[in-house]
A.B. asks: 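Have a look at this one before I ask anything.
We name chains A, B, ... by the order of the sequence lines, and we start the count at 1 in each one.
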Protein chains: 2
Amino acid sequence: MSSSAASTQSTPTGPGPDEGLRARKRAATQAALEAAAISQASEHGYHHVTVDMICEAAQVSQRTFFNYFATKEAAFLGASPPIPSEGAVKRFITGNGGSVLAELVLMIESAIVASEPDRDVLRARRTLIENTPELFSSEIIRLAELEDRLAGIVLQRFEARGRTEATTPDILDEAHMVVGLAVSILRFAMRKASESDYSADPRAILRHAIGLVERITGVNPFTTDAREPRRD
Amino acid sequence: MSSSAASTQSTPTGPGPDEGLRARKRAATQAALEAAAISQASEHGYHHVTVDMICEAAQVSQRTFFNYFATKEAAFLGASPPIPSEGAVKRFITGNGGSVLAELVLMIESAIVASEPDRDVLRARRTLIENTPELFSSEIIRLAELEDRLAGIVLQRFEARGRTEATTPDILDEAHMVVGLAVSILRFAMRKASESDYSADPRAILRHAIGLVERITGVNPFTTDAREPRRD
DNA sequence: AATAAATTTACAGTAGCTGCACATTCACGG
DNA sequence: CCGTGAATGTGCAGCTACTGTAAATTTATT
């Protein structure tokens, strides 16, 4: 389940130019299907795209489509969910001096970007997702499905800092909440990014989002609302 | 769209014992369908329940089912989404001295509880939702669909406190983020509640969740991780 | 080239969901 | 009480997503 690691390359996405003809063909039809899906959507509008249309455009049978994607939506979202690479995870656990929240968010963002080597496809896909509530929902669900895994990673980071159940009884809860907050921030950031038509710096948006969270919760949340922003 | 307010009663949910026979029948079949859905799920397991089964149990045609619910899942989730009552909204905007986050969360929680007068049904439903990823996802989506409306309400609260675009340029962003955080907290709380089999005090769980957020973001998120909890 | 394994495909079938036309039921004024 | 219109229930035909299965085609291995 977790094998299939690269042998010479480090890119987690690419099928590898070696790996044999079989793997290459497989990657090709998958890419063709994903591209066809997005293409058809931009041409006819998402709701008017049927699986059969995608199949015809990609020159495969409908049954083959469902051999690659569990659902129709998966073809639009991209098959590979944004799972951070092992290296990124290790770096996150060790830490770069930032806050859990900020670094978690950045790690996931990197994973999303890395999940699609083709910039144009990624961009078209994100635009489509952002403008299609149905797809946007699916995207959120996908992130939610990563939650347990991510919470485990956060927990490892905590433990690497000497925090355990002994020092913090509800540390697992805290880890889960960190992931939840990170997802909120990402949602916000993705929305913002699409609003600015992806011209704004993604990192800047993320910082802004994290700043908002700080502003909202910075003061004791049981006493008063946030006051004026201090800077920026 | 926003009319149909009560005439003598104040309960926002009940069809009213008056309102005419037509309304009563409608409410009855809807309740019957929702009850049948949950009942069938507890008997055969969610994934083995078909719309036809629900219809047979509720003694209506399939076509009628879809006159009441847009999707099959809606029957399990309950038709009425958790929209806070006008009074609750007004109270929230005015404020009771708590933080935005805490009060928002409490308001939504109240709306969820109020959306189903029957305690047993509510409980069975929540258990089912919590144990069915598919339904849980739908539930999240539903909350997300309220986001814009809720953000508007939060904005009103801000303005009632003298905060406007002038004092805080990104105040709309802040409102959206408040809603996002509230949803995170609710998700966490719902999960926790189902883990404890709904024996724990919901309010206590919410406080715990909010406390976690505070702990995580209390310190400048760009410098260090959260330190030891200060109390509790 | 022969065999095994992976991939593709056609075909049949289930289930969610919709439009439409028609029957039934309730509301309301005379 | 009756007739009329609006709301609601239902049957039916049809589209689309999705699945199981078995047979065909393609790639890998020896």
A.B. asks: Minimum heavy-atom separation for A:R149 to A:I83, with atom names?
C.D. replies: NH1-CD1, 3.6 Å
A.B. asks: I'd like to know if the side chain of B:S110 reaches the main chain of B:L106, judged simply by a donor and an acceptor atom lying under 3.5 Å from each other, with no hydrogens or angles considered.
C.D. replies: yes
A.B. asks: Taking the axis from the first five pairs and the axis from the last five, what angle separates them in the helix from C:dA1-D:dT30 to C:dG30-D:dC1, rounded to 10 degrees?
C.D. replies: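 Both end axes considered, the difference amounts to 20°.
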A.B. asks: Is B:R157 close enough and on-axis enough to B:F92, meaning under 6.0 Å and within 45°, for cation-pi?
C.D. replies: yes
A.B. asks: Base, backbone or nothing for each nucleotide of nucleotides 22-30 of chain C, written B, S, -, heavy atoms under 4.0 angstrom, 5' to 3'?
C.D. replies: ---BBS---
A.B. asks: Donor-acceptor check, side chain of B:H48 to backbone of B:H44, threshold 3.5 angstrom: yes or no?
C.D. replies: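 Yes, the answer is positive, given that a donor and an acceptor are paired below the 3.5 Å cut-off.
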A.B. asks: Is B:E139 salt-bridged to B:R126, going by a charged N under 4.0 Å from an acidic O?
C.D. replies: yes
A.B. asks: Checking A:S184 side chain against B:G180 main chain: does a donor-acceptor pair fall under 3.5 Å?
C.D. replies: yes
A.B. asks: Backbone N or O of A:P82 within a donor-acceptor pair of the A:S115 side chain at under 3.5 Å?
C.D. replies: no
A.B. asks: Could you list all the salt bridge (Lys or Arg N to Asp or Glu O under 4.0 Å) pairs where at least one residue sits in residues 64-80 of chain B, not counting sequence neighbours?
C.D. replies: none
A.B. asks: Per the ring pair (Phe, Tyr, Trp, His ring centres under 6.0 Å) rule, what does the pair list look like for residues 55-89 of chain A, sequence neighbours excluded?
C.D. replies: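 Those involving residues 55-89 of chain A are A:Y46-A:F76, A:F65-A:F69.
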A.B. asks: How about B:L104 and B:V100: do any of their side-chain heavy atoms sit closer than 4.5 Å?
C.D. replies: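 Sidechains of B:V100 and B:L104: no contact.
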A.B. asks: Which residues within residues 127-142 of chain A lie with some heavy atom under 4.0 Å of an atom in DNA chain D?
C.D. replies: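 The stretch gives none, as no residue of it lies under 4.0 Å from the strand.
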A.B. asks: Donor-acceptor pair, A:T132 side chain versus A:L135 backbone, under 3.5 Å?
C.D. replies: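 Here the side-chain-to-backbone pair does not exist.
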A.B. asks: Can you sort out which residues in residues 38-50 of chain A have a heavy atom within less than 4.0 Å of DNA chain C? Ascending by number, please.
C.D. replies: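 Under 4.0 Å from DNA chain C: no residue of residues 38-50 of chain A.
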A.B. asks: Provide the full list of salt bridge (Lys or Arg N to Asp or Glu O under 4.0 Å) pairs with a residue in residues 30-41 of chain A, sequence neighbours left out, each pair given once.
C.D. replies: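 Those involving residues 30-41 of chain A are A:E34-A:R125.
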A.B. asks: Please identify each residue that fulfils salt bridge (Lys or Arg N to Asp or Glu O under 4.0 Å) with B:E56, with sequence neighbours left out.
C.D. replies: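 B:E56 satisfies salt bridge (Lys or Arg N to Asp or Glu O under 4.0 Å) with no residue once adjacent residues are dropped.
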A.B. asks: Answer yes or no: is there a side-chain heavy-atom contact under 4.5 Å between A:D201 and A:I205?
C.D. replies: no
A.B. asks: If you take any heavy atom closer than 4.0 Å to DNA chain C, which residues from residues 56-77 of chain B end up in contact?
C.D. replies: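 Nucleic-acid contacts, sorted: B:Q62, B:R63, B:F66, B:A70, B:T71, B:K72.
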A.B. asks: Please test B:R203 against B:E109 for side-chain contact (heavy atoms from CB on, under 4.5 Å), starting from the C-alpha separation and ending with a verdict.
C.D. replies: CA-CA 9 Å; B:R203 299 298 168 104; B:E109 190 249 1; 3.4 Å; yes
A.B. asks: Where does the chain A footprint on DNA chain D start and end, counting 5' to 3' with a 4.0 Å heavy-atom cut-off?
C.D. replies: D:dT16 to D:dA28
A.B. asks: Going by the salt bridge (Lys or Arg N to Asp or Glu O under 4.0 Å) test, which pairs reach into residues 175-199 of chain A, not counting sequence neighbours?
C.D. replies: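 Checked against salt bridge (Lys or Arg N to Asp or Glu O under 4.0 Å) - neighbours excluded - the pairs reaching residues 175-199 of chain A are A:R187-B:E147, A:R191-B:E147, A:R191-B:D148, A:K192-A:E195, A:K192-B:D173.
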A.B. asks: By side chain to side chain contact (heavy atoms under 4.5 Å, CB included), which residues pair with B:I141, not counting sequence neighbours?
C.D. replies: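 Side chain to side chain contact (heavy atoms under 4.5 Å, CB included) check on B:I141 returns A:S137, A:I141, B:E145.
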